Amino acid sequence: MTASSLSQGAGYGIVVGLGLAFAIGMILTTYMLKRYQHERITSEEFSTAGRTVKTGLIASAVVSSWTWAATLLQSSGVAYRYGVSGPFWYASGATVQIILFATIAIELKKRAPEAHTFLEVVRARYGPIGHGVFMCFGLFTNILVTAMLLTGGSAVVTDLTGMHTVAACFLLPVGVVIYTLFGGIRATFLTDYIHTIIILVIVLIFAFTTYARSDVLGSPGVVWEILQNVSKEYPVAGNAQGSYLTMRSKEGAIFFVINLAGNFGTVFLDNGYWNKAIAASPASALPGYVLGGIAWFAIPWLCATTMGLACLALETTPAFPTYPNRMSAADVSAGLVLPNAAVALLGKGGAMCSLLLIFMAVTSASSAELIAVSSIGTYDIYKTYINPRATGKQLILVSHACVILYGLIMAGFSVGLFYAGVSMGYLYLLMGVIISSAVLPAALTLMWSKQNLLAAAASPVLGLACSLIAWLVTTSKQNNGVINVTTSGANNPMLAGNVVALLSPIVFVPVLTYLGGPQNYDWESMKNIRKVTDEDIPMPSSVSAGDNDSKDARSNSASGPTETPIDSTAELIRASKIARALTVFMTVALLVLWPMPMYGSGYIFSKKFFTGWVVVGIIWILVSLIIVGIYPLWEGRFALAHTAKGVWYDISGQRGRLIKNASANSDFVTDGADITVPRDDVVAEKKE
C-alpha cells in the first residue's frame, strides 16, 4: 500500500455501490422495454433477445465480452516484459479468432436458425455422447474465463484499495448476477454498450496523459528516449539489441503462439459468443463480429503500448508505487503493471481510473459468462435430460437458478485459486492447454459434413491427453523434475501444451473419420431445433441424432419451426462467402503482412516511427469509439425516440388525458408503446 492508494471505502463503493447502481439501472431499463417496446422476459427473450439484435450492439457486445481483465492487465504485462512487440502480439493473436468466428456464426444462422446454444447443434448431429463431450469442454472454457476475470480483478482491487481478496471475489459478481437475472442476454447487450464506452474513454485518458499531458513523460519522443536508456540498463533477453523498441522478440513470439492457440478455444468453445451469434439478426452477424474484432484490436494494443511502456519509463521515479525497487515477476503476473503505472501517472485519479476500468472489464465479461452457463444449464442439461417437456416459465426459473449458482461457485473457486497461489497470468497461459483440442472438431461440426461421431467425440479427449503430457513433460525436463506453479507457468512448457492441444486434432479428426466411416451429414436435424413457446403447452425444443421422434419433431410444436425465409437464406449464403474471403485477408494481414517483416528485419523503432506507431493506435481507438459508441445509437435512433416519447407522455401526464379523449374521439389511436396519441393524418389535417 502507498500514499497514492485508495481507501477500502472507495473499493467497496465501486465494487458494491456501482454494481448495484448498474443492477438498478438495468431493472429500470427492463421495465421501460416492457412498457414502451412491448418486450417481455420469456425464456426465448432471456437467452436469445428475440434474435433481432442489430450490428452496432453486436459489435459493442463482442468488444465488451472480449475485453477481459486480462485484455488490459496481461497485455500491459507483456509490454512491460517484451516492449512494443508485446501489445501487438497480444492484440493480433486474439483478434483473428473473432474474425474467423464470423464465418462460423454465419454457418450457425444458416444451418440451425432456431438453436439456443451451440451444444444443441452438437446434440442434433452427434447425439448424447458428442453432446456430453462438448458440454464438458464448453463448461471448462466458461470456468477458466470467469476464474481469470475474478482473480485478475480481485488482485487489482486489493492492490489499489486494500480490500481483502476474498471479499473482492465474492462482491464483484453481485451486481452482475442481479441485472442478468432481471434482463437476460438483452441486459448484457445494453450494459456491454455502457461498459465499452467507459473502457474506451479511460484508455484514451491514459493515452493522452502519457503521450501529451504528463509532466514527466508528455510525448512519444520522451517515452522513446527513456526506453532507450532502460534498454541499456535492463536489456531484454531475446530481443534485438536487447531493446524494448523492436518487434524482434523471442519470448514475445513464444507468447504470441501461446496467445493465438489459447484464444481459439475461448472464442470457439465459449457459449457466450455463440449466444451473441444466435441473438443477432441474420443481416447483423457478419458485420457485427467483423466490426467488433476490428474495434477490439485497438484496446489491448493502445492500452498496453501506453501503460506497459509508461510503467517501464516511470519505474525509477519516486511517484512509482514500488520505488526504489522494480516490480517483481509475481506482481507482473498478477496484473499490477497497469494500476501501478496509472498511480505513477495520475496519483489517486489514476488509481480510481484503474479500479473503474477493471470493474467494467470484469463485470461486462462476467455477464456474458453467466448467460452462457445459464443457457447450457437450462437447454442442454435441464430441458434435454431432466424435463424435456418443460414450459417457458419453468425454463426461466432454471435460468435464474443457474445464474445465481454459477456466480456463487465461481466466487468460491476463485478464492481457492488465490490461496493456491494461482494468478490470472498463469490461467491465461493454461487455458489453451485445457480446451483448445476441441476447437477444430467444434468448427467442423458446422463446416464439414463427413466428420463422424468418433472423430468429434474422441479427438478433443485425445488432444487434451496429449497436451497435458506435452505440458508436464516439458516442465519436468526443463526443471530437473520439479513441477509446480512457477515452473509449469513458464513460456516453453505452456507453448508445448498449447500447440499440441490446438494442432493434434488435425491428425485425429481425419484418421478417426475414415476409420469409422465418413458421416455424410445432410444438416436436416439441425433445422429441427426450434424455439420454445412460453405458453403452458409443454413442448420439446431440441432434437438429437438417433432420437426416434426426430423425424416428427416438427409436428410436436404448436406452430412448427420457423423456417429461415428465402431472402434471409440467400443473404446468409452471400454473407458466408464474404466472411470466408474477409477471414483470409484479415488473418494474413494481422499475422503475416504487418508483423513478420518487422520481426525478420530486427528493426529498432526510431523516434519518428514510434511516434507514428502511437498516433495510429490513438486514431484506431477513436474509430473504435465511433463503431461501438456512436453507431449503435444511430441504429437504434427510432426506438430511442419512441421510448423517449413514451416517457415524456408519462411524466407530463398527457397519457391519461389522451386515453380519456380517445374513448370519445376516433381521431386518437394507440401507438406501439400502448400510449394513446393523435393519429398522424389528423395531426396533418389540423396543421393544414
Side-chain angles (χ1 to χ4, degrees), residues 47-63 65-66 95-122 124-125 134 185 189 263-264 267-296 372 375 439-449 451 521-531 561-588 590 627 635:
S47 299
T48 70
R51 306 168 199 264
T52 58
V53 181
K54 295 182 180 179
T55 300
L57 276 182
I58 291 293
S60 68
V62 167
V63 171
S65 299
W66 205 215
T95 298
V96 295
Q97 293 87 346
I98 297 294
I99 306 296
L100 289 166
F101 188 78
T103 302
I104 306 296
I106 296 300
E107 295 300 320
L108 176 69
K109 302 292 285 184
K110 185 170 66 174
R111 302 195 190 285
E114 294 190 4
H116 305 86
T117 68
F118 171 67
L119 295 173
E120 281 187 324
V121 173
V122 173
R125 178 166 179 178
F134 280 96
I185 194 171
F189 277 111
N263 281 316
F264 269 106
V267 172
F268 282 66
L269 301 176
D270 187 342
N271 195 49
Y273 292 95
W274 296 101
N275 281 349
K276 289 174 177 58
I278 289 165
S281 67
S284 299
L286 172 61
Y289 273 88
V290 172
L291 288 176
I294 292 171
W296 179 85
S375 298
V439 169
L440 183 63
L444 293 179
T445 297
L446 284 167
M447 302 293 290
W448 192 38
S449 64
Q451 179 176 257
Y521 182 60
D522 62 6
W523 312 106
E524 284 303 313
S525 62
M526 290 183 184
K527 291 184 174 65
N528 290 341
I529 302 170
R530 55 204 173 274
K531 298 177 183 177
T562 303
E563 295 287 352
T564 304
I566 294 175
D567 57 341
S568 295
T569 302
E571 188 176 17
L572 288 171
I573 292 172
R574 177 175 173 272
S576 178
K577 294 177 181 178
I578 295 173
R580 295 183 189 200
L582 192 60
T583 292
V584 173
F585 171 75
M586 293 296 295
T587 301
V588 172
L590 291 175
I627 292 173
E635 276 192 318

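Fair warning: this is a prediction, and the values are worked out from it, not measured in the lab.
In terms of the side-chain contact (heavy atoms from CB on, under 4.5 Å) criterion, residue partners of A295 (sequence neighbours excluded) are, by chain and number, V63, S624, I627, V628. Applying the ring-ring contact (aromatic ring centres under 6.0 Å, His included) criterion to W296, with sequence neighbours excluded, gives W66. Listed by chain and number, the residues in a side-chain hydrogen bond (donor to acceptor under 3.5 Å, both in side chains) with T117 are D380 (sequence neighbours excluded). The side-chain contact (heavy atoms from CB on, under 4.5 Å) search around L582 returns V290, M586, not counting sequence neighbours. Annotation: side-chain hydrogen bond (donor to acceptor under 3.5 Å, both in side chains) contacts of T103 (sequence neighbours excluded): T583. Remark: N271 engages N275 in a side-chain hydrogen bond (donor to acceptor under 3.5 Å, both in side chains) (not counting sequence neighbours). Among residues two or more places apart in sequence or in another chain, the ring-ring contact (aromatic ring centres under 6.0 Å, His included) test is passed with F268 by F101, F264.
Contact detail for A442 and L269: the closest heavy-atom pair is CB-CD2, 3.9 Å. The two residues A124 and S525 come nearest to each other via the heavy atoms O-OG, 2.7 Å. The minimum heavy-atom distance linking G288 with I58 is given by the pair CA-CG2, 3.6 Å.
In this structure, M447 and I104 have side chains that are in contact, with non-hydrogen atoms separated by less than 4.5 Å. Looking at heavy atoms from C-beta onward, R125 lies in side-chain contact with Q451 at the 4.5 angstrom threshold. Within the 4.5 Å cutoff, side-chain heavy atoms of F134 are placed close to those of P441.
A distance of 11.0 Å separates CG in N263 from CG in D270, rounded to the nearest 0.5 Å. In this structure, the separation between CD1 on I106 and CZ on R111 is 12.0 Å, given to the nearest 0.5 Å. L590 CG to F585 CZ: the interatomic distance, rounded to the nearest 0.5 Å, is 8.5 Å. Atoms CD and CG, on E120 and N528 in that order, are 12.0 Å from each other to the nearest 0.5 Å. Taken from OG1 in T445 to CE in M526, the straight-line distance is 6.5 Å, to the nearest 0.5 Å. Once rounded to the nearest 0.5 Å, the distance linking CG of L108 with NZ of K110 reads 11.5 Å.
Looking at T55, its side chain never comes within 3.5 Å of a backbone N or O of P287 through a donor-acceptor pair. Formation of a donor-acceptor pair under 3.5 Å by the S60 side chain with backbone atoms of L57 is found in this model. With hydrogens and angles disregarded, no donor-acceptor distance shorter than 3.5 Å links the side chain of Y521 to the backbone of L446.
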